[in-house]
Protein chains: 2
Amino acid sequence: MRHKKFTYKMAYAKTDLFDHKLNSTAVLFKALAHPARLAILQYLAETKVCITGDISDELPLSRTTVNQHLTELKNVGLIQGTVDGVKVNYCLNPEKLKEFSELATSFFEEISRQTNIECK
Amino acid sequence: MRHKKFTYKMAYAKTDLFDHKLNSTAVLFKALAHPARLAILQYLAETKVCITGDISDELPLSRTTVNQHLTELKNVGLIQGTVDGVKVNYCLNPEKLKEFSELATSFFEEISRQTNIECK
DNA sequence: AATTTATAACGTATATTTGCGACATAAAAA
DNA sequence: TTTTTATGTCGCAAATATACGTTATAAATT
């Protein structure tokens, strides 16, 4: 235990106690932490044409759930949706995608720099 | 709704319905989806010397919670722990780290291939 | 105007994650 | 041997995540 000066009783969500960049990176990884969301991204990448939300026909999930995942991806900016009458055309956001890719890559590079570690 | 032939009543954890590689990738991202775990990895990378579990002194979290995060990282193979008497020396697993890095990179590349998408 | 279609929003149930204190264990030190 | 030290395990509480049905809304179609 050795004298912790932190005595919060609240549980969970202590993300504000960490470095800003670490949080951003974690948020990025969290957005990609579900196969459905990865599948959605892949689907949007394959069908170059922007596709409406009925991606649910391609996934073993209900429309509601897919919509929820879409919203999550939209919240982090990985995809965009433009309204077209009743429909919504979704597509990838290349800029954000690149930004995220670089963030992930830099994290891996940063911690992979010293590989000469021996865990005896 | 358009005629879904999926009528599971069970909620949650439908990961078995997705592609194996997608699941692996999602598991990887999930392991990195918390700032504490990222901080632990960074700490282990900085202190080249393998360090014991009292990484908790470096983080605003209790020893128990840190231990939990360490276990998660151990479960996916990102870190290793070798017993040394009462202590446990933790260190990064360079191979797994590289493997994960490549998996992430290939995913990003795969979906970033076609960037000429216009979300009109 | 009534119906269809596509989405989003709301509410709910369940599973998982996060966080922690308390206790157990075992090696090392006194 | 008693005490200290370092870890791990257990159980609990609270917050989130996941999944889905139902309902609401609004554009398009009939």
Side-chain angles (χ1 to χ4, degrees), chain A residues 1-18 23 26-27 29-40 50-57 59-76 79 81-90, chain B residues 1-18 23 26-27 29-40 50-57 59-76 79 81-90:
Chain A
M1 181 67 81
R2 33 200 143 40
H3 54 75
K4 277 266 143 112
K5 50 274 180 200
F6 300 95
T7 51
Y8 310 100
K9 68 177 99 175
M10 71 169 290
Y12 216 64
K14 309 190 74 173
T15 52
D16 50 312
L17 298 176
F18 292 95
N23 280 326
V27 166
F29 283 133
K30 187 184 283 186
L32 302 173
H34 195 288
R37 291 194 286 277
L38 299 182
I40 290 175
C50 296
I51 220 67
T52 79
D54 48 13
I55 306 169
S56 61
D57 282 339
L59 299 179
L61 293 173
S62 77
R63 186 188 53 72
T64 313
T65 304
V66 169
N67 208 332
Q68 227 167 326
H69 286 305
L70 281 170
T71 303
E72 282 186 70
L73 290 173
K74 232 189 317 182
N75 285 341
V76 296
I79 66 175
T82 49
V83 180
D84 174 25
V86 194
K87 303 184 179 183
V88 175
N89 292 315
Y90 286 107
Chain B
M1 178 66 86
R2 36 196 142 38
H3 55 74
K4 277 266 144 114
K5 50 276 180 202
F6 300 95
T7 52
Y8 311 100
K9 67 179 101 177
M10 71 169 290
Y12 219 62
K14 309 190 75 172
T15 53
D16 50 314
L17 299 176
F18 293 94
N23 280 325
V27 167
F29 284 133
K30 186 184 283 186
L32 302 173
H34 195 288
R37 290 194 286 277
L38 299 183
I40 290 175
C50 297
I51 219 68
T52 79
D54 47 13
I55 305 169
S56 62
D57 280 339
L59 300 178
L61 294 173
S62 76
R63 186 187 56 74
T64 312
T65 303
V66 169
N67 208 334
Q68 227 167 326
H69 286 305
L70 281 170
T71 302
E72 282 186 70
L73 290 173
K74 233 190 315 184
N75 285 342
V76 296
I79 66 174
T82 49
V83 180
D84 174 27
V86 193
K87 303 184 179 183
V88 175
N89 292 316
Y90 286 107

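In this text, all values refer to a predicted model and were calculated from it rather than measured experimentally.
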Q) Side-chain contact, heavy-atom cut-off 4.5 Å: A:Y90 with A:L73? A) no

Q: Answer yes or no: is there a donor N or O on one side and an acceptor on the other, between the side chain of A:R37 and the main chain of B:A26, under 3.5 Å?
A: no

Q) If each of B:A33 and B:V86 is mapped to the nucleotide of DNA chain C with the nearest heavy atom, which maps nearer the 5' terminus, i.e. the 5' end? A) B:A33

Q: In whole angstrom, give the distance that lies between atom CG of B:D57 and atom P of D:dT5.
A: 13 Å

**Q.** For A:T71, side-chain contact (heavy atoms from CB on, under 4.5 Å) partners two or more places apart
**A.** A:N67, A:N75

Q. Can you tell me if the side-chain N/O atoms of B:K30 get under 4.0 Å from OP1 or OP2 in C:dT16?
A. no

Q) Reckon A:H69 has a side-chain N or O less than 4.0 Å from the OP1 or OP2 of D:dA17? A) no

Q | Among C:dC20, C:dT18, D:dA19, the nucleotide that comes nearest once only the side chain of B:T65 is considered | A | C:dC20

Write out a two-atom table: protein N or O, nucleotide N or O from nucleotides 8-10 of chain C, distance below 3.5 Å.
from, atom 1, to, atom 2, distance (Å)
C:dA8, OP1, A:Y90, OH, 2.8
C:dA8, OP2, A:N67, OD1, 2.8
C:dA8, OP2, A:N67, ND2, 2.7
C:dA8, OP2, A:Y90, OH, 3.3
C:dA8, N6, A:R63, NH2, 3.3

Q: Drop me the distance from B:L70's CG to B:I79's CD1, to the nearest 0.5 angstrom.
A: 4.5 Å

Q: State which residues pass side-chain contact (heavy atoms from CB on, under 4.5 Å) with B:A36; sequence neighbours excluded, sorted by chain then number.
A: A:F18, B:H34, B:L61, B:H69

Q) Taking all atoms of both residues into account, what is the closest heavy-atom pair of A:L32 and A:L38, and its distance? A) O-CD2, 3.4 Å

